[in-house]
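Below: one structure, written as structure tokens.
Chain letters run A, B, ... following the sequence lines, proteins first, then strands; residues in each count from 1.
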Number of protein chains: 2
Amino acid sequence: MIRRLDREAWTRAALDAFEETGPSGVAVVPLARDLGVTRGSFYWHFESRDELLAAALELWEHEHSDAILEALQELHDPRARLEALGRAATSKPPSIFIQLLRAADDPIVGRVLERASRRRLEVLAKAYGDSGLSPAAARRRALIAYAQYVGLAFLVAEDPELLPDERSRAAYARELAAVLNA
Amino acid sequence: MIRRLDREAWTRAALDAFEETGPSGVAVVPLARDLGVTRGSFYWHFESRDELLAAALELWEHEHSDAILEALQELHDPRARLEALGRAATSKPPSIFIQLLRAADDPIVGRVLERASRRRLEVLAKAYGDSGLSPAAARRRALIAYAQYVGLAFLVAEDPELLPDERSRAAYARELAAVLNA
DNA sequence: ACCTGAACACCGTTCAAGT
DNA sequence: ACCTGAACACCGTTCAAGT
């Protein structure tokens with residue numbers, strides 16, 4: 001029996017591989033092997049391997065990254081929104097986002113990461129602005145908060161021993177909250 | 001005339017390529033072309049391309065990363081040391097470090113980055129400890145400060161428009177200092 | 001001691017031919 | 001409309017042969 005695939009099947013498989021291994025996992029020949037077809041069939045659906053990677057990350061942007069931000073925008077009370085953002089920031093970051101951070105030198109990954117970061121910074125700045133800061137101060141505070149999130153996510157992914165248990169994570173979150181509400 | 005190279009020449013060339021392009025720039029065939037020899041000659045000096053990348057990054061660790069930390073340790077006044085660290089943190093991060101951050105998914109890059117981060121966190125925690133914090137609090141504060149440094153370096157490398165001019169950098173640094181000295 | 005040059009494996013890409 | 005299979009380019013690696 002001959003397997004028939006569509007663009008979507010390739011894209012989902014590519015996103016799974018990306019979550020597992022990062023951009024190097026999105027490779028035509030191994031994916032084709034896994035999907036039970038030959039490399040040639042891939043080029044019926046896509047122009048190139050880069051187009052596949054871009055499509056997979058676009059899927060993530062629409063289904064996950066944007067969805068989270070939209071849910072947050074539902075919270076009209078700025079204090080509640082900042083609290084929700086704080087909880088999101090101190091809980092475990094999604095593995096796809098971690099992979100994006102860890103492979104930012106890939107041009108396609110870099111573009112997606114920059115778009116996602118821009119949106120998140122806007123949402124954060126809006127929350128700080130709505131809770132009373134001037135636009136410029138809100139933007140700076142958003143940058144500080146998001147840089148902290150990115151830096152910590154990065155470092156802990158690199159070395160989980162930095163925050164090994166729930167107690168250390170809680171102590172870090174308390175200290176960070178004290179520092180950021182100064 | 002036949003070119004003769006040693007291990008050091010390959011290592012320097014590899015580090016230059018890494019600074020320019022990241023790990024993908026450390027490729028045997030293109031480097032050999034640049035150096036005017038064939039690929040085969042490379043394997044006289046090194047077991048593998050990975051050994052070359054590791055050697056290049058080791059060079060960076062010894063000549064740059066460690067050197068900076070040792071210079072800082074010379075400052076015995078903890079306040080002066082924290083100030084020097086603050087200046088280092090808000091000035092432009094060295095391009096090799098940025099490349100390390102942007103390619104952390106590479107196993108060899110990841111190892112080097114983790115080692116360097118561990119050392120920097122130790123030095124930071126020691127500075128905070130020497131200036132009066134308890135060991136646990138000093139470690140948390142060090143993590144907050146270093147995560148901020150890493151996160152900002154990362155985001156600004158991705159999108160320089162986040163802090164486009166000297167004025168915005170200064171305003172950010174002021175706000176950050178206010179926040180971190182809370 | 002250091003380099004050449006040819007070989008092989010692996011992945012990206014193309015394309016004529018099949019169903 | 002979707003897939004096969006063979007071809008080519010490119011890079012990592014090996015190794016016998018050269019100087």
Distance, rounded to the nearest Å, where B/Arg7 contributes CZ and C/dC2 contributes P: 12 Å

Aromatic ring pairing B/Phe97/B/Trp60, orientation class (parallel under 30°, perpendicular over 60°, tilted between): parallel

From C/dA1, C/dG12, D/dC11, nucleotide with atom closest to A/Pro30 side chain: C/dG12

Separation of atom CG in B/Asp34 from atom P in D/dC11, rounded to whole Å: 11 Å

Between C1' of C/dC2 and CD of B/Glu8, the distance in whole Å: 17 Å

Complementary nucleotide of C/dA7, counting Watson-Crick and G-U pairs under 3.5 Å: D/dT13

Pairwise 5' ranking along DNA chain C for B/Asp6 and A/Ser48, keeping only the more 5' one: B/Asp6

Separation of D/dC3 C1' from A/Trp44 CH2 (nearest whole Å): 10 Å

Any B/Tyr43 side-chain nitrogen or oxygen under 4.0 Å from OP1 or OP2 of D/dT14: no

Under 4.0 angstrom between B/His45 side-chain N/O and C/dC3 OP1 or OP2: yes

For atom CD of B/Glu51 and atom C1' of D/dT13, their distance in whole Å: 13 Å

Length of the line joining B/Glu47:CD and D/dG12:C1', which is rounded to integer Å: 13 Å

B/His45 NE2: over 12 foreign heavy atoms closer than 6.0 Å: yes

Distance-only donor-acceptor test (3.5 Å): side chain A/Arg39, base D/dG5: no

Nucleotide D/dC2, atom P - distance to CH2 of A/Trp10 in whole Å: 13 Å

Contact summary for B/Ala142 and B/Ala125, nearest pair of heavy atoms: CB-N, 3.6 Å

Base C/dT13 to side chain A/Arg49, donor-acceptor N/O within 3.5 Å cut-off: no

Closest non-hydrogen atom pair between A/Arg140 and B/Tyr172, with its separation: CD-N, 3.6 Å

Whole angstrom value for the distance that separates P of C/dT4 from CZ of B/Arg33: 14 Å

Among C/dC3, D/dG5, C/dC11, the one nearest B/Arg4 by side-chain distance: C/dC3

Partner nucleotide of C/dA1 by Watson-Crick or wobble geometry (both distances under 3.5 Å): D/dT19

For the student: nearest non-hydrogen atoms of B/Leu113 and B/Ala104, plus distance: CD2-CB, 3.9 Å

First of A/Ser41 and A/Ala27 reached from the 5' end of DNA chain C, by closest nucleotide: A/Ala27

